[in-house]
Amino acid sequence: MRLSQMLFVTLREDPAEAEIPSHKLLLRAGYIRRIGSGIYAYLPLMWRVLKKVSQIVREEMDATGAQECLLPQLQPADLWRESGRWDTYTQAEGIMFAMTDRQQRELGLGPTHEEVITTIAKDMIRSYRQLPVHLYQIQTKFRDEIRPRFGLMRGREFIMKDGYSFHTNEESLKKTYQDMAQAYSNMLRRSGLQFRAVDADSGAIGGSGSQEFMVLAEAGEDEVLYTEDGQYAANVEKAVSMPADAEPSPFATFEKRETPGTETIDKLCKFLKCSPTQVVKNVLYQAVYDNGITVLVLVSIRGDQDVNQVKLLNELTKLAGNYQAKTVLFLTIPDAEAQRKWAAKSLPLGYMAPDVADDYIAGSKEVNSKFLRLVDRTAVDLTNFVTGSNESGYHVVGANWDKEFPLPATVVGVRTAKKGDRAVHNPEQTLQSARGIEVGHIFQLGTKYSQAMGATYTSEQGEEMPFVMGCYGVGVSRLAQSAVEQSYDKDGIIWPVAIAPYHAIISIPNISDAQQVEVAEKLYAELNQSGIETLLDDRDERAGVKFKDADLIGIPYRIVPGRSLKAGKVEVVERATHKSHEILIDEVNSTLKQWIEAAIN
């Protein structure tokens with residue numbers, strides 16, 4: 001492609017809307033353009049990158065025996081109600097674009113396709129002889145993000161590969177799951193990315209085991225905890241660890257003490273000269289279930305630990321049946337306005353005890369009139385601990401479970417693992433932290449959707465059995481931007497060779513120089529003919545402008561027919577290292593082929 005004929009506009013300044021380097025660079029280099037909040041046009045250079053990423057994904061999926069298809073973006077609400085996810089996606093998480101057509105039928109734009117694919121399997125797969133089956137698609141998806149940001153990282157419209165497998169048993173599912181773990185590793189490795197596969201929470205997709213594939217980058221939204229021995233890695237939402245041992249309590253007897261201005265753990269520990277490991281803090285949450293019932297949740301946890309809201313949400317979802325509900329729509333720490341709706345009297349916030357009385361709640365049909373009391377494992381074995389007194393300005397010391405305070409009946413593990421904790425698999429290993437961008441996620445769904453939607457097959461014994469399912473997603477557009485976030489410098493993007501829009505760019509320093517133009521044209525034709533995708537910068541611009549643009553757009557190799565032409569050579573500059581080579585004109589093709597093959601393989 002000749003740059004003079006391409007839709008190609010670069011910017012010298014960072015756009016005001018862009019926050020992270022990859023977003024700034026993709027806009028500046030003319031890869032994408034913002035059309036609306038979280039909505040971007042993929043311009044010619046970007047589309048070439050996306051096609052290359054898609055092709056790598058497609059090849060790795062096809063190699064496992066998966067079959068490509070294309071599913072509808074517009075999905076009937078009835079299918080999502082069958083699975084029980086319509087309210088979760090349109091209200092709780094609020095990420096589905098929902099609409100009503102002219103016949104008053106409710107529809108949604110697909111953020112994912114479990115319901116559609118399960119319906120297809122239900123209609124078409126009758127016998128165990130047809131299983132296993134694995135279908136996938138590469139398609140535009142939609143999410144109604146509250147705060148779209150970071151360009152293609154968190155947009156409202158994005159390209160994704162999603163795949164779904166159907167099996168007769170868990171053993172068959174686990175084989176495909178392992179095949180996908182390997183295929184995803186292959187995709188990222190072939191794309192030239194540094195990544196880490198980590199244990200993850202299944203979230204609204206559901207199911208049992210799940211694994212995320214994180215591209216390592218400082219701007220990553222997710223925190224990854226891992227051990228140096230390579231035996232453990234998990235998203236912080238899922239990670240488990242051994243907390244530091246609690247220090248012995250200095251308080252031998254139970255008493256109430258005045259502790260003014262100590263509504264935080266730090267202030268309290270300074271005032272009482274004690275360790276936060278000797279404190280039981282009581283954190284109040286408000287959960288709203290899908291039947292409209294509000295439950296006030298009091299979590300007692302060791303003072304040096306934090307509640308992981310994803311883990312807490314999972315525990316509360318398990319208890320949904322106790323409130324004649326299916327799932328949690330919202331989980332928040334209630335602010336003053338929220339408290340006014342259900343509080344019978346002012347709560348002693350910052351000074352609550354594990355037994356704060358239920359009469360603080362004004363019960364109604366919508367609000368459960370008792371606290372749901374949970375205790376984290378870190379607090380269960382504490383003795384002579386410090387905690388609130390249920391009176392502002394006062395705490396108690398030397399308290400014990402089942403003496404001064406009843407131990408809550410429900411013990412949970414909802415603490416947040418953190419860097420420096422000891423690893424569960426080997427206490428000699430400590431957790432390390434890295435930032436990551438989630439670009440892939442695989443799930444063992446089990447029978448969650450097939451049971452809910454009545455999707456069955458006839459077993460070898462003639463029984464009607466629910467499909468055992470798996471789900472596997474890769475963010476194609478997110479992967480492309482994460483490559484930029486992982487690899488750039490002060491001059492611009494540094495694309496991995498495998499997914500760069502072009503392998504090489506020929507920058508003619510002076511288009512008035514007939515020899516430069518002749519050599520450039522010759523190389524341009526020869527390289528493209530031999531499969532080396534090459535841009536020709538034949539614009540009537542200064543050499544400095546052309547070199548800056550070449551660096552900005554990140555093409556792996558820049559060829560300059562300049563001063564070295566007198567010796568029958570051209571300059572070839574490696575974008576990643578800025579290393580310059582003078583190469584004989586007749587050897588440029590073979591040299592670049594060797595470099596490209598080495599970089600891709």
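Numbers for residues simply follow the sequence, beginning at 1. Values below: all heavy atoms of this structure, side chains included; hydrogens, waters and symmetry mates excluded. Because the structure is predicted, anything quoted here is derived from the model rather than measured.
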Open item on the list: Is any side-chain heavy atom of Arg435 closer than 4.5 Å to one of Glu223?
Closed with: yes
Task: Close side-chain approach of His503 to Pro556, heavy-atom, < 4.5 Å - done: no
Task: Under 3.5 Å side-chain donor-acceptor pair for Gln432 and Thr430 - done: yes
- [ ] Measure the shortest side-chain to side-chain distance between Gln75 and Trp80 over non-hydrogen atoms and say whether it is less than 4.5 angstrom.
- [x] yes
- [ ] Determine whether the side chains of Glu485 and His23 contain a donor N or O and an acceptor N or O closer than 3.5 Å.
- [x] no
Open item on the list: Any donor-acceptor pair under 3.5 Å linking the side-chain atoms of Gln444 with those of Ser210?
Closed with: no
Task: Test item: Gln231 side-chain N/O and Thr227 main-chain N/O as donor-acceptor pair under 3.5 Å - done: no
TODO: For side chain to side chain contact (heavy atoms under 4.5 Å, CB included), just list the numbers for Phe195 and Met214, CA-CA rounded to whole Å, side-chain angles, deciding distance to a tenth of an Å, and then say yes or no.
DONE: CA-CA 5 Å; Phe195 68 96; Met214 297 281 195; 6.0 Å; no
Task: Side-chain donor/acceptor of Asp123 to backbone N/O of Ile120, under 3.5 Å - done: no
Open item on the list: Looking only at side-chain N and O atoms, does Ser22 offer a donor or acceptor that is under 3.5 Å from a partner on Gln481?
Closed with: yes
Task: Glu106-Thr100 side chain donor-acceptor pair, cut-off 3.5 Å - done: no
Task: Whether Tyr232 side chain and Leu431 backbone form a donor-acceptor pair below 3.5 Å - done: no
Open item on the list: Return the CD to CD distance between Glu68 and Gln139, rounded to the nearest 0.5 Å.
Closed with: 10.5 Å
Open item on the list: Less than 4.5 Å apart, side chain to side chain, heavy atoms only: is that true for Ser477 and Tyr42?
Closed with: yes
- [ ] First locate atom CD1 of Ile117, then atom CZ of Phe166, and finally report the distance between them rounded to the nearest 0.5 Å.
- [x] 5.5 Å
TODO: For residues Val295 and Val297, determine if any side-chain heavy atom of one lies less than 4.5 Å from a side-chain heavy atom of the other.
DONE: yes
Open item on the list: On a heavy-atom basis, which atom in Val215 and which in Ser482 lie closest, and how many Å separate them?
Closed with: CG2-OG, 3.7 Å
- [ ] Please say which of Val414, Thr416, Val412 ends up in a side chain to side chain contact (heavy atoms under 4.5 Å, CB included) with Lys311.
- [x] Val414
Task: N-O pairing of Glu60 and Arg189 below 4.0 Å - done: no
Task: Flag if over 12 foreign heavy atoms under 6.0 Å of OH, Tyr488 - done: no
TODO: Identify the residue among Asp162, Asp62, Thr64 that makes a side chain to side chain donor-acceptor pair (under 3.5 Å) with Tyr136.
DONE: Asp62
TODO: Return yes if some donor-acceptor pair links the side-chain N/O of Asn308 with the main-chain N/O of Val236 below 3.5 Å, else return no.
DONE: yes
Task: Heavy-atom side-chain proximity of Val375 to Ser300 below 4.5 angstrom - done: yes
TODO: Kindly indicate whether the side chain of Thr577, heavy atoms from C-beta on, has any atom under 4.5 Å from the side chain of Glu574.
DONE: yes
Open item on the list: For Gln73 versus Thr140, what's the shortest heavy-atom pair and its separation?
Closed with: NE2-O, 3.3 Å
Task: Taking every non-hydrogen atom, the tightest pair across Thr378 and Pro243 - done: CG2-CG, 4.0 Å
Open item on the list: So that I can tick it off, tell me whether Arg422 and Asp245 are bridged by a salt bridge, with the cut-off set at under 4.0 angstrom between side-chain N and carboxylate O.
Closed with: yes
Open item on the list: Check whether Arg58 reaches the backbone of Val53 with its side chain - one donor and one acceptor, N or O, closer than 3.5 Å.
Closed with: no
Open item on the list: Using the ring centroid of each side chain, check whether Tyr472 and His441 are separated by less than 6.0 Å.
Closed with: no
Open item on the list: So Glu221 and Ile437, do their side chains get closer than 4.5 Å, heavy atoms only?
Closed with: no
Open item on the list: Taking Ser127's backbone N and O only, do any of them form a donor-acceptor pair with Gln130's side chain (distance below 3.5 Å, no angle check)?
Closed with: yes
- [ ] Using a strict 4.0 Å threshold on nitrogen-to-oxygen distance, state whether Arg149 and Glu19 make a salt bridge.
- [x] no
- [ ] State whether a side-chain donor-acceptor pair under 3.5 Å links Asn322 with Tyr289.
- [x] no
Task: Where Ala417 and Leu225 come nearest, the two heavy atoms and their spacing - done: O-CD1, 3.5 Å
Task: Cationic N near anionic O, under 4.0 Å, Glu145 to Arg154 - done: yes
Open item on the list: Show the nearest heavy-atom pair for residues Tyr323 and Leu319, with the distance to one decimal.
Closed with: CD1-O, 3.6 Å
Task: N/O donor-acceptor pair under 3.5 Å between Ser459 side chain and Glu463 backbone - done: yes
- [ ] Determine whether the side chains of Ser165 and His134 contain a donor N or O and an acceptor N or O closer than 3.5 Å.
- [x] no
Task: Backbone N/O of Glu597 and side chain of Asn601: donor-acceptor pair under 3.5 Å - done: yes
- [ ] Inspect the surroundings of CD in Glu428 and state if more than 12 heavy atoms from other residues, nucleotides or ligands are less than 6.0 Å away.
- [x] no
Open item on the list: Salt bridge or not between Asp381 and Arg302? Use side-chain N to carboxylate O under 4.0 Å.
Closed with: no
Open item on the list: Return the CD to CE distance between Glu82 and Met453, rounded to the nearest 0.5 Å.
Closed with: 4.0 Å
TODO: Without swapping roles, check the side chain of Gln486 against the backbone of Gln194 for a donor-acceptor pair under 3.5 Å.
DONE: yes
TODO: Could you verify whether a donor N or O on one side chain and an acceptor N or O on the other, from Gln182 and Gln178, lie under 3.5 Å apart?
DONE: no
Task: Heavy-atom pair of closest approach, residues Tyr40 and Leu152 - done: CB-CD2, 3.9 Å
Open item on the list: Quick check: Trp495 with Tyr502 (ring centres under 6.0 Å apart)?
Closed with: no
- [ ] Go through the steps to decide whether Phe467 and Tyr457 satisfy the test ring pair (Phe, Tyr, Trp, His ring centres under 6.0 Å), and finish with yes or no.
- [x] CA-CA 7 Å; Phe467 295 112; Tyr457 68 95; 5.7 Å; yes
Open item on the list: Strictly below 4.0 Å, N to O, side chains only: are Lys174 and Glu171 in salt-bridge contact?
Closed with: no
Open item on the list: Students often mix this up, so state it plainly: with edges at 30° and 60°, are the rings of Phe142 and Phe97 parallel, tilted or perpendicular?
Closed with: perpendicular
TODO: Before accepting this row, confirm whether a basic side-chain N of the pair Arg48/Glu533 lies closer than 4.0 Å to the acidic partner's carboxylate O.
DONE: yes
Open item on the list: Looking at Asp179 and Lys175, is there a salt bridge between them, counting it only when a charged N and a carboxylate O are closer than 4.0 Å?
Closed with: yes
Open item on the list: Taking the basic N atoms (NZ, or NE/NH1/NH2) and the acidic carboxylate oxygens, is any pair closer than 4.0 Å for Asp87 and Lys326?
Closed with: no
Task: Expected output: side-chain Asp306 to main-chain Arg415 donor-acceptor under 3.5 Å - done: no
TODO: May I ask you to say whether Glu114 pairs ionically with Arg85, meaning some side-chain N is under 4.0 Å from a carboxylate O?
DONE: yes
Open item on the list: Could you check whether Arg196 makes a cation-pi contact with Tyr226, meaning its NZ or CZ is under 6.0 Å from the centre of the six-membered ring and within 45° of the ring axis?
Closed with: yes
Open item on the list: Name the residue from Asp376, Val307, Val283 that meets the side chain to side chain contact (heavy atoms under 4.5 Å, CB included) definition with Leu312.
Closed with: Val307
